Every structure is written in structure tokens, then in C-alpha cells.
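Data block below; observations after.
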Protein chains: 2
Amino acid sequence: MTRGRPIAFSPDEAASAAMQVFWARGYDSASTRDLLEAMKISRSSLYQAFGNKEQLFLEALRRYRGNLIDRLNRQLEASPSAMHFLQELFGQTALEAGSERAALGCLIFNSASELGQRDDIPSIEAKRSVQAITALFHEAVVRSQAEGDIASDRDALALATYLTLGMAGLRTLLKSGADPAQTRAAAELLLDTLR
Amino acid sequence: MTRGRPIAFSPDEAASAAMQVFWARGYDSASTRDLLEAMKISRSSLYQAFGNKEQLFLEALRRYRGNLIDRLNRQLEASPSAMHFLQELFGQTALEAGSERAALGCLIFNSASELGQRDDIPSIEAKRSVQAITALFHEAVVRSQAEGDIASDRDALALATYLTLGMAGLRTLLKSGADPAQTRAAAELLLDTLR
DNA sequence: TTATATATGGACCTATCAGTCCATATATGT
DNA sequence: ACATATATGGACTGATAGGTCCATATATAA
């Protein structure tokens, strides 16, 4: 079988660039022209390689989710304790207050907020991504219970949902330009509940 | 002075209809055609009465904020205690889980999420609106401290920020279609922190 | 070398966007 | 009644949206 002209760009890098655009601008507001410019490919290549804008978004969201969950899992494993992991995660996130990074938020919560009331595939994928975060938190809570930092009779699923709520709220606070000191204090209050 | 042809619609009702559209669709995704249809006025009337889409959005957001803060203030005053008010507010909101209302979210947090990284007037107004919610919670915390339900040595501003974080997170959870029971449990955990 | 298969650039398509314009309608003050 | 001022319907504008098309480029298999 002949193979035809080879692809001239890295689909991986292109998808990564698209992810950044959707992250910064949101799904609807990211135009195909924005995407093309960031991905540095031609319009033909985008449709050839990714199908259409919706499929490209799904690819970008899944990539973001994969990267995030993998990174968090690694951090969880490397932490002296699951509680320490949670404290670092929320603490470091709160420290972003006022920065440009803070204004970006998290692609998953951004998407859940933007697409929550649709019932198309991007909306479903956004919800699935939020669930993946809750699953990660659930793992952390269960470990923390095993390590004795959280009472083992407490509902791990409820605590995991509570942590997802907390991270979503924290990200909204950061987007709202809340006072850094108050944001840090609020994040500390959040974790006090676990003890 | 002559007065010219009188306006044929209620600017109040029209603005209210516009608010619903921005609430359901977001700022960018709400097209002027969507707005016109919901407001039941002509294109000329929209631009004549409200200036442009951005100003109409600001009017809608301020209206939403005014309505919300007024209503919450009334509920706070009518409550047997500020703590009871907070429990009702978070409890009732959590009960929306799974409903269409839940998918709508709150126009203020929706806007903060969508517009957070801009630096135009709508973005500033969204942030101002989040601050208004924090101010309301601050009032409730201070009252609750006076009523003895919250220790008076605790930082009322930090607690208010924490409650804003909590409501923003709860709204995101509702938008993500989280399990109703888990959502309610998470909302209860949120308020446990106050005691 | 040639046939084949895939990739690419960029012109092009229709739909829709926010916003403007103007003729016409409808009120008031004299 | 008439001059004046504001409101309205709807056609229109240029810009931009997502997506298609096709001629051309560039690889491989025979």
C-alpha cells in the first residue's frame, strides 16, 4: 500500500496548542481562525486531522483531563500523606490569586460552567471530566482515611464531592480577582473540614 | 417641549427578558436576535433604549444582582437567625440538583467564569457582583457572631469569602450534574465549618 | 519512473454576527 | 391643524463564523 504525503506537523503539539486556546477563550468564543493561528496549521489540516471544531475541543478537553489527572496522581503518590497532598494542592492553587494563571482558571470547570446546560457531547464530556476530578479526590480521601488523618467512618464520596465543590469554588474566586489573603484563608477553612 | 412618540414596551420587562437570555446562554453566545425575540421589541428599539449589547448586558447583570441581593437581604432579616438563613440558602440550593434550574446556575458566577480573564467593563461588573455576594455573606457572618452561632474571634471576612467560594462551588457542582445526595452532603459539610 | 494516496494552501461558501440607517408612525405643545 | 420630537420596522452593512472544495505538493509501492 502507498502512503501518500506525510503529515507536516505534530498532531500532538497542534492539539496541545488548541487546548491552550480553548482554555483561554472558552469553547464558543474560540474561533477556528484563533485555533489555526495557534496550531500553526492550515484550515485543511485541521479538518483533515481533527474532523471539526467540536471534535477538536473534545480532543483538547480529554488531553487536559489526562494531563491533569496524571499529574495529580503522581503528586498524590509522591506526597508523604494524602492530607499533605490536598493541603499542597489547595494551598498552591490559592497562591495563584491575582496572577494571570488565576484568571485562566481550569479548563474542566470553565467548560462545565459554559456548557453545563447543553446536552451535547462537549457538555457530557465536561461533566465526565468533573467526575474524574471527584474520583481523584475520592482516592485521596480513602488514602487519608487509611493513614488516619480522616476518620474512617466519614462518607468518603461526600468528602470527595465536597473537595470538588471546593476546588471549583476556589477557581471561581480566583477568576473573580478576590483578595489573595482572603482567598488563602478561605482555602484553609476548606481543608479544616476534613479533620 | 414636545415629547414625540411614546415607547411601546416596558423597558423594565424588556431588560428582564434580556436578563433571562444572558442567564441561559451567557454573554457572548446570546445573539442580538435571541435578545430581540425574547424582549419582543425591534432592533431599533433595543439600540435606542439600551445603547448596545454590552450596555444591555450590564443593565441585565445589575438587575440580576439587585434582585438577588435584595431577596437575600429580606430572607436574612426574616430568618430566626443568620445561621438558619445560611443553612436554608445552601440547603435549598443543593436541593435543586438535577433540575433545569440547576443547569442555569447563577448569572453572577456564570459571568465571572466566562468573563474573568477579560478586563473590560462586563468583566469588572461581574467581579463587582461577586464582591456584592461576599458582602452579603459578611453581613450574615457578623450577625451570626452577634447571635453566638459563630465564635466572635473568627475572621468574618475570611468566612464570608469561604461562603462565596462555597456557593460558587455548589453552583458548579449543580451545573456538572453531580449526584443530588452527594451534593446535599457536600453542602452540609460546607456549613459545618462555621461552627 | 509512474501510479496512487494523503496533506496542504487558500479561495470560496452560506449563515450569522453586532450594529446602522432611513422612511414611517405616533405622540405632544402650540 | 401643524411643527416637532421620539419610537419603530425592517432593509441593509461589513465583518466574521464554521466548514467545503480543489488544485497542487509530496510521500510510498511497484
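All figures in this text were calculated on a predicted structure; none of them were measured in a lab.
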Output, in order, the C-alpha distance, side-chain angles, deciding distance and verdict of salt bridge (Lys or Arg N to Asp or Glu O under 4.0 Å) for B/E188 and B/R184.
-> CA-CA 6 Å; B/E188 277 183 35; B/R184 271 180 274 124; over 6 Å; no
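Contact annotation: A/S45 reaches the phosphate of C/dT8 (side-chain N/O to OP1 or OP2, under 4.0 Å).
The residue B/S31 sits close only to the backbone: its heavy atoms come under 4.0 Å of sugar-phosphate atoms, none of a base.
When rounded to the nearest whole Å, the span between CD of A/E37 and P of C/dG9 equals 15 Å. The nearest whole Å value for the distance from the NZ atom in B/K53 to the P atom in C/dC17 is 9 Å. Rounded to whole Å, the distance from CZ on B/R33 to P on C/dA15 is 12 Å. As rounded to whole Å, 11 Å separates atom C1' of C/dG10 from atom CG of A/L36. Computed from coordinates, the A/I7 CD1 to C/dT6 P distance equals 13 Å when rounded to whole Å. For the pair B/D28 CG and C/dT16 C1', the computed distance is 14 Å after rounding to whole Å. Here D/dG19 presents its C1' atom at 14 Å from CG of A/L56, a figure rounded to the nearest Å. Distance CE (B/M39) to C1' (C/dA18): 14 Å, rounded to an integer number of Å.
In this structure, the side chains of A/L68 and A/I133 come closer than 4.5 Å at one or more pairs of heavy atoms.
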